[in-house]
Amino acid sequence: MTLPTERPPARPRWWRRPWVAPLMVVAVAFLAFSLPPYLSFDPSRSRVPDPGFFPPHFVMLSMHVLFGSIAMITCCLQIWPWFRARHPRAHRLIGRVYVFGGCLPSGLLGLVVGLATPYGPVTRVSDVMLALLWLGCTLAGWRMARQRRFVDHRRWMVRSFALTMSIITNRLWTALIVVMLEPQLETTFHGDVALFVSTVAALAAWLGWTLPLLVAEWWLERGDAARRRRRTRPAPTGHDPIRTPAGP
């Protein structure tokens, strides 16, 4: 009697991840707004004030933004299941660009720029932690891929992706916090604009990357929990359609 053969897993359809295209649009729109001032290499167009005590600040900030833009664009393709399944060689090549042409140089430059931030010590601690976690998660994901531990590779790269895209949520939080706190400028902040700006920057800096990382961890744990339930689910009882031949 011929036993039924197991079907190979179906390839993911490109349209089964409807969030991929909006994510790419948001990333491109964000870069179109954020990147031009730093491509000009004109310090007067910088959106971050010069700290004064670190002359290379603007140049390093510009390079940080440029390499970070490479990371943002490449990671949009890397997290697309259809692209990974249909173009595995391109996935590997773009992954190397993401790691070595985007995250690592941008993370190292971000570490230096974060130490020289003009927004105060609370923002400084956040920027340094973000840079270290970004570098650590990305390197861990790359190392897992080199060891062919692809499940662990995927988990670390989900975290790296969340930290890569956290700059977008940082800007969203900045706008929201400004709207919420600006009416308190003359009361809570006693008219001190510098205190107001440093407070907004610190809140946005911490919320910008901690919340996306928590969401990424929740999403990973949610998937792991679903897999554990499938493994522990009892086998269905009843009539077995595959019978063994009866004895003589």
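- In the hydrophobic cluster analysis, where Ile, Leu, Val, Met, Phe, Trp and Tyr join through side-chain heavy atoms closer than 4.5 angstrom, Leu220 is grouped together with Trp218.
- In the hydrophobic clustering of this structure, Leu214 does not group with Trp219; members are Ile, Leu, Val, Met, Phe, Trp, Tyr whose side-chain heavy atoms approach within less than 4.5 Å, directly or through other members.
- Here the closest non-hydrogen pair linking Val158 and Ala216 is CG1-CB, 4.0 Å.
- For the pair Arg92 and Phe150, the cation does not sit on the ring face, since its NZ or CZ is not both under 6.0 Å from the ring centre and inside 45° of the axis.
- Not a single donor-acceptor pair under 3.5 Å links the side chain of Thr138 to the backbone N or O of Cys103.
- Side-chain atoms of Glu221 and Glu217, non-hydrogen and from C-beta on, never get closer than 4.5 Å to each other.
- Using a 4.5 Å heavy-atom cutoff, the side chains of Leu139 and Trp156 are not in contact.
- Of all non-hydrogen atoms in His153 and Gly141, the two that sit nearest each other are ND1-O, 2.7 Å.
- Here OG1 of Thr169 is found 9.0 Å from CG of Leu207. Values are rounded to the nearest 0.5 Å.
- Taking every heavy atom of both residues into account, Asn170 and Ala204 meet most closely at ND2-O, 3.3 Å.
- With a 4.5 Å cut-off on side-chain heavy atoms, Leu132 and Leu111 count as touching.
- With Ser160 contributing its side chain and Cys137 its backbone, the two residues share no donor-acceptor pair below 3.5 Å.
- For the pair Arg84 (side chain) and His91 (backbone), a donor-acceptor distance under 3.5 Å is absent.
- Within a 6.0 Å sphere centred on CD of Glu182, other residues, nucleotides and ligands contribute 12 heavy atoms or fewer.
- Just one of Ile168, Ile79, Val28 meets the side-chain contact (heavy atoms from CB on, under 4.5 Å) condition when paired with Leu23; it is Ile79.
- Minimum interatomic distance between Cys75 and Tyr98 (heavy atoms only, all atoms of both residues): CB-CE1, 3.4 Å.
- Between the side chain of Tyr38 and the main chain of Pro43, no donor-acceptor pair closer than 3.5 Å is present.
- Follow the hydrophobic side-chain contacts under 4.5 Å out from Val193 and you reach Val178 in the same cluster.
- For the pair Pro118/Val48, a side-chain contact is recorded, criterion being any heavy-atom separation below 4.5 Å from C-beta on.
- To the nearest 0.5 Å, atoms NE2 (His190) and CZ (Phe196) are separated by 14.0 Å.
- Put simply, the side chain of Ser198 gets close to the backbone of Ala194: a donor and an acceptor are under 3.5 Å apart.
- Here Phe30 contributes atom CZ and Ile167 contributes atom CD1; the two are 5.0 Å apart, rounded to the nearest 0.5 Å.
- In this structure a side-chain-to-backbone donor-acceptor pair under 3.5 Å is missing from Trp134 to Phe161.
- Phe189 is listed as a side-chain neighbour of Leu181, based on a closest heavy-atom distance under 4.5 Å.
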Verdict with supporting geometry, Val65 and Ser69, side-chain contact (heavy atoms from CB on, under 4.5 Å):
CA-CA 6 Å; Val65 172; Ser69 301; 4.3 Å; yes

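- Note that OG1 of Thr199 is 12.5 Å distant from OH of Tyr119, once rounded to the nearest 0.5 Å.
- In this structure, CE on Met63 lies 11.5 Å from CZ on Phe58, to the nearest 0.5 angstrom.
- Using a distance-only test at 3.5 Å, with no hydrogens or angles considered, no donor-acceptor pair links the side chain of His64 to the main chain of Leu109.
- Residue Gly114 comes nearest to Val128 through the heavy atom pair C-CG2, 4.4 Å, listed as atom of the first residue, atom of the second, then distance.
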For Val99 and Met157: C-alpha separation, side-chain torsions, deciding distance, then whether side-chain contact (heavy atoms from CB on, under 4.5 Å) applies.
CA-CA 10 Å; Val99 173; Met157 282 307 182; 4.0 Å; yes

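- Under the 6.0 Å cut-off for aromatic ring centres, Trp82 and His87 qualify, their centroids lying closer than that.
- Of all non-hydrogen atoms in Cys76 and Met165, the two that sit nearest each other are SG-CE, 3.5 Å.
- Residues Phe33 and Leu35 do not share a hydrophobic cluster, defined by chaining ILVMFWY side chains whose heavy atoms lie under 4.5 Å apart.
- Under a cut-off of 6.0 angstrom, the local environment of CZ in Arg146 is sparse, with at most 12 non-hydrogen atoms contributed by other residues, nucleotides or ligands.
- Classification of the Trp209-Trp206 ring pair by plane angle, with boundaries at 30° and 60°, yields tilted.
- Atom CG of Leu104 and atom CH2 of Trp142 lie 9.0 Å apart (nearest 0.5 Å).
- Proximity of a side-chain donor or acceptor of Asp152 to a complementary backbone N or O of Met144 within less than 3.5 Å is not detected.
- With hydrophobic clusters built from ILVMFWY side chains whose heavy atoms lie under 4.5 angstrom apart, Leu130 does not share a cluster with Leu203.
- Side-chain contact between Asp127 and Thr123: present, with at least one pair of heavy atoms (C-beta onward) separated by less than 4.5 Å.
- Judged by distance alone, with hydrogens and angles left aside, the side-chain atoms of Ser166 form a donor-acceptor pair with the main-chain N or O of Leu163 at under 3.5 Å.
- Under the 3.5 Å distance criterion, the side-chain polar atoms of Thr74 are matched with a main-chain donor or acceptor of Ala71.
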